[in-house]
Amino acid sequence: MWKEVLSVTFYRAVFAEFLATSIYVFFGLGSVLRWPSALPTILQISITFNLAAATVVQIAWHVSGAHVNPAVTMAFLLGSRISLARAACYMVAQLAGGIAGAATLYGVTPAEVQGSLGINTVRSNITSGQAVAVELILTFQLVLCYFASTDRHRNANSPATFIGISVALGHLIGIYFTGCSMNPARSFGPAVIVNKFTVHWVISLSTPSPPPPRHLVC
């Protein structure tokens with residue numbers, strides 16, 4: 001483990017997770033801002049998160065594996081795909097990247113448009129239990145997609161397209177319930193910047209267990 005932690009490759013991968021997550025959060029949250037001249041649509045938001053996810057996965061794929069998501073990193077740790085040290089550093093970098101991306105967007109956005117900066121909120125007619133269940137399902141399908149599309153025995157190419165589709169799929173449904181997180185870093189960043197953590201625990205409980213053994217993943 002110490003040999004891994006002391007290598008330049010390790011810190012390059014950690015920085016890649018920070019940078020990729022900050023880019024993802026910046027563009028993703030940017031699509032949620034409510035400009036008076038053009039309010040965002042669910043399709044627009046879903047496509048933007050799709051393209052942002054695909055872009056950052058393509059950027060960081062060969063450097064860090066492009067998790068860009070503490071839930072994905074936790075699942076890879078539980079599935080014995082990465083070491084504890086790498087998982088811990090990845091998650092810290094991802095959360096820091098989420099804050100950096102949200103802070104950058106906040107800084108370049110006019111005050112009258114900033115609003116709540118796209119923080120995740122549970123709809124008034126949705127219970128906390130329903131919100132947690134939905135986030136678990138959405139995050140689980142994303143993690144399954146990560147495991148299946150990054151299996152080098154089946155696919156040696158970049159999984160950017162498939163992961164982007166998985167992110168878009170989650171948003172097309174999840175926006176109606178929680179605004180769709182599937183990614184604690186995406187939720188944590190804007191919550192820190194606007195200092196609102198009202199239902200943040202819902203997102204924190206949505207990290208799924210790892211999928212079945214490799215030969216069962218389809």
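Hydrogens, waters and symmetry mates play no part in the numbers below; they use all other heavy atoms, side chains included. In this text, all values refer to a predicted model and were calculated from it rather than measured experimentally.
- The distance from atom NE2 of His171 to atom OG of Ser31, rounded to the nearest 0.5 Å, is 7.0 Å.
- Smallest separation of non-hydrogen atoms from Pro40 and Val32: CG-O, 3.6 Å.
- Once rounded to the nearest 0.5 Å, the distance linking CZ of Phe26 with OG1 of Thr104 reads 7.0 Å.
- Separating the OH atom in Tyr24 from the CG atom in Leu51 is a distance of 11.5 Å, to the nearest 0.5 Å.
- Taken from CZ in Phe177 to CD1 in Ile137, the straight-line distance is 8.5 Å, to the nearest 0.5 Å.
- Val63 and Val56 fall into different hydrophobic clusters, where Ile, Leu, Val, Met, Phe, Trp and Tyr are joined by side-chain heavy atoms under 4.5 Å apart, directly or via other members.
- Between Gln58 and Ser158 the shortest heavy-atom distance is OE1-OG, 2.9 Å.
- Across all non-hydrogen atoms, the minimal contact from Ala71 to Val143 is O-CG2, 4.3 Å.
- For the pair Ser187/Ile119, no side-chain contact is recorded, criterion being any heavy-atom separation below 4.5 Å from C-beta on.
- Under the 4.5 Å side-chain criterion, counting only non-hydrogen atoms from C-beta, Val122 is not in contact with Ser128.
- By the ring-ring contact (aromatic ring centres under 6.0 Å, His included) test, Tyr146 pairs with no residue at all, sequence neighbours left out.
- Aromatic ring orientation, Phe147 versus Phe76: tilted (interplanar angle from 30° to 60°).
- Remark: the backbone N or O of Thr21 is not paired with any side-chain donor or acceptor of Gln94 at under 3.5 angstrom.
- For the pair Phe27 and Ala52, the tightest heavy-atom approach, listed with the atom from each and the gap, is CB-CB, 4.2 Å.
- Heavy-atom neighbours of Ile173 CD1 from other residues, nucleotides or ligands within 6.0 Å: at or below the threshold of 12.
- The two atoms that bring Glu17 and Ala93 nearest to each other are CB-CB, 4.4 Å, heavy atoms only.
- Each of Leu117, Asn120, Leu105, Ile99 was scored for a side-chain contact (heavy atoms from CB on, under 4.5 Å) with Pro190, with one residue passing: Leu117.
- Contact check for Pro36 versus Val113: side-chain heavy atoms found under the 4.5 Å cut-off.
- Legend: residues meeting side-chain contact (heavy atoms from CB on, under 4.5 Å) with Val92, ordered by chain and number and at least two apart, are absent.
- When side chains are defined from C-beta on, Val68 does not count as touching Ile163, because their heavy atoms never get closer than 4.5 Å.
- Under the 4.5 Å side-chain criterion, counting only non-hydrogen atoms from C-beta, Thr178 is not in contact with Ile126.
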Cut-off 3.5 Å, no hydrogens considered: what does the side-chain donor-acceptor table look like for residues 8-15, sequence neighbours left out?
residue : atom : partner : partner atom : Å
Tyr11   : OH   : Val5    : O            : 3.1

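- Considering all non-hydrogen atoms of both residues, Ala185 and Val25 come closest at O-CG2, 4.3 Å.
- Atoms CG and CZ, on Leu77 and Arg86 in that order, are 12.0 Å from each other to the nearest 0.5 Å.
- Counted within 6.0 Å of CZ on Arg123, heavy atoms from surrounding residues, nucleotides or ligands total more than 12; the atom is thus considered enclosed.
- A chain of hydrophobic side-chain contacts below 4.5 Å, direct or via other Ile, Leu, Val, Met, Phe, Trp or Tyr residues, connects Val194 to Val108.
- Leu39 and Ile45 fall into different hydrophobic clusters, where Ile, Leu, Val, Met, Phe, Trp and Tyr residues are linked whenever their side-chain heavy atoms come under 4.5 Å apart, directly or through other members.
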Worked verdict on Thr55 versus Ile23 for side chain to side chain contact (heavy atoms under 4.5 Å, CB included): CA-CA 9 Å; Thr55 299; Ile23 294 173; 5.6 Å; no
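- Expressed to the nearest 0.5 Å, how far CG of Leu169 lies from CG of Asn50 amounts to 10.0 Å.
- Follow the hydrophobic side-chain contacts under 4.5 Å out from Leu78 and you reach Val72 in the same cluster.
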